[in-house]
Protein chains: 2
Amino acid sequence: MRGPWWQDRLNDAGFRLTNPRELVLGILRETDKHLSAEDLYVKALQKNPSIGLTTVYRTLDLFTQIGIAQKFDFGDGKARYELANNPLKKAHHHHMVCLKCKSIIDYSDFMKEELELMKKTEKALSKKHKFKIMYHIIHFYGICNSCREGD
Amino acid sequence: MRGPWWQDRLNDAGFRLTNPRELVLGILRETDKHLSAEDLYVKALQKNPSIGLTTVYRTLDLFTQIGIAQKFDFGDGKARYELANNPLKKAHHHHMVCLKCKSIIDYSDFMKEELELMKKTEKALSKKHKFKIMYHIIHFYGICNSCREGD
DNA sequence: GCCTTAATTGATAATGGTTATCATTTTCAA
DNA sequence: TTGAAAATGATAACCATTATCAATTAAGGC
Ligand SMILES: [Mn+2]
Ligand SMILES: [Mn+2]
Ligand SMILES: [Zn+2]
Ligand SMILES: [Zn+2]
């Protein structure tokens with residue numbers, strides 16, 4: 001009984017692929033944005049007017065826990081989510097965040113050099129501090145193009 | 001221009017070095033931790049029982065704006081602050097965060113390589129996306145030594 | 001199918017860090 | 001000394017996220 005990867009991921013972790021979960025997953029799969037729980041909720045309402053905001057939060061939390069989605073904090077006071085393995089996106093990427101309009105840009109330049117540095121750093125840190133590293137984040141903050149023009 | 005650097009920084013930006021601000025600054029100068037607003041408030045109360053939590057928040061916000069302090073989000077739901085140019089710390093460093101006990105470790109290994117990569121990336125990004133980069137953050141998340149032993 | 005049980009859901013209330021408001025106090029320059 | 005501007009602190013409000021809990025739904029054994 002092998003389904004798509006997210007279904008297997010859910011099943012293997014002992015969870016069901018219910019309607020609300022499928023709905024949230026579909027929205028994540030179709031966007032290239034970094035949506036908040038509220039964003040997801042509003043979009044979900046259009047397809048299922050009885051879905052609850054709490055369920056959206058719970059679903060996103062579950063997806064994050066089992067690696068179906070990633071949760072980010074870009075400094076605007078609300079968590080934002082992104083599907084792992086999103087077909088619309090580069091696999092491994094990082095983010096630039098505009099300090100004015102809060103827009104978020106994916107980038108994946110110099111990933112090879114970055115990976116190399118990260119590997120080296122991780123090895124050194126786990127030896128020096130006996131710290132088992134699970135993942136890392138890199139964020140660039142600045143002013144985006146349109147915000148600079150309007151200045 | 002005859003005070004310490006933080007006083008000049010305040011004056012140049014048109015702000016006064018008041019008692020509450022001096023108090024918060026002193027606490028930041030004496031710690032090597034990453035304190036929350038509440039942490040700062042509790043410590044401040046011991047020296048000035050009439051200080052208000054709002055003032056601490058405002059002060060930290062001001063310090064962050066003019067570059068006296070840095071504000072971080074390590075994922076535990078509250079902002080944490082660190083003095084820029086803290087004499088107790090390495091100048092440029094990044095952070096490891098324990099996902100279990102939320103402890104934070106400064107590190108400054110491979111800063112040379114990192115700086116090189118960051119410079120290269122910043123240049124590429126500002127050209128490709130016309131994005132003016134102001135600063136970046138790097139966080140490693142994982143499990144610290146004591147949390148692994150207790151497992 | 002039907003039953004049993006556990007997983008899941010959604011309405012609602014509560015939480016907690018942070019901000020907004022506003023009257024009062026402090027600072028500084030004239 | 002004085003008056004305007006800046007800063008403060010008590011309080012209420014904000015708002016994203018969680019906790020609670022009764023109701024609904026899904027899966028497995030019969
Ligand atoms: Mn992204
Ligand atoms: Mn630090
Ligand atoms: Zn912008
Ligand atoms: Zn730990």
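This one's a predicted model, so the numbers in the text were calculated from it and none came from an experiment. Naming: A, B, ... by sequence-line order, numbering from 1 per chain.
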Can you tell whether the side chains of Lys120(A) and Glu113(B) come within less than 4.0 Å, N to carboxylate O? yes
Are the charged groups of Arg80(A) and Asp39(A) less than 4.0 angstrom apart, N to O? yes
Phosphate OP1/OP2 of dA6(C) contacted by Arg16(A) side-chain N/O (<4.0 Å):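 No, because none of the side-chain N or O atoms of Arg16(A) sits under 4.0 Å from OP1 or OP2 of dA6(C).
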Would you indicate, yes or no, if dT9(C) has its OP1 or OP2 atom less than 4.0 angstrom from a side-chain nitrogen or oxygen of Thr18(A)?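 Answer yes for this pair, as a side-chain N or O of Thr18(A) is under 4.0 Å from OP1 or OP2.
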Should the pair [X] and [Y] be assigned to parallel (<30°), tilted (30 to 60°) or perpendicular (>60°) ring geometry?
X        : Y         : result
His93(B) : His34(B)  : perpendicular
Phe72(B) : His139(B) : tilted
His95(B) : Phe74(B)  : perpendicular

Could you check Thr55(A), Val56(A), Leu25(A) and say which one makes a side chain to side chain contact (heavy atoms under 4.5 Å, CB included) with Pro20(A)?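 Exactly one candidate clears the test, Thr55(A).
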For Tyr81(B), the option from Thr31(B), Leu35(B), Thr64(B) that meets side chain to side chain contact (heavy atoms under 4.5 Å, CB included):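 Single side chain to side chain contact (heavy atoms under 4.5 Å, CB included) partner of Tyr81(B) among Thr31(B), Leu35(B), Thr64(B): Thr64(B).
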Strand-adjacent residues in residues 44-56 of chain B, judged by heavy atoms under 4.0 Å from DNA chain D: Ser50(B), Ile51(B), Gly52(B), Thr54(B), Thr55(B)
Take atom [atom1] of [X] and atom [atom2] of [N], then tell me their distance rounded to the nearest Å.
X        : N       : atom1 : atom2 : result
Asp73(A) : dG17(C) : CG    : C1'   : 13 Å
Phe72(A) : dT17(D) : CZ    : P     : 15 Å
Tyr81(B) : dT18(C) : OH    : C1'   : 9 Å
Arg58(A) : dT20(D) : CZ    : C1'   : 10 Å
Tyr57(B) : dT8(D)  : OH    : C1'   : 17 Å
Asp76(B) : dG16(C) : CG    : P     : 14 Å
Tyr41(A) : dT17(D) : OH    : P     : 15 Å
Asp61(B) : dA20(C) : CG    : P     : 9 Å

Rounding to 10 degrees, work out the angle separating the end axes of the helix from dG1(C)-dC30(D) to dA30(C)-dT1(D) (five pairs an end). 30°
Ser103(A) side, atom OG; Met96(A) side, atom CE - distance, nearest 0.5 Å: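 Going from the OG atom of Ser103(A) to the CE atom of Met96(A) covers 9.0 Å.
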Let me check something: do Tyr107(B) and Leu117(A) share a hydrophobic cluster, defined by ILVMFWY side-chain heavy atoms less than 4.5 Å apart, either directly or through other members? yes
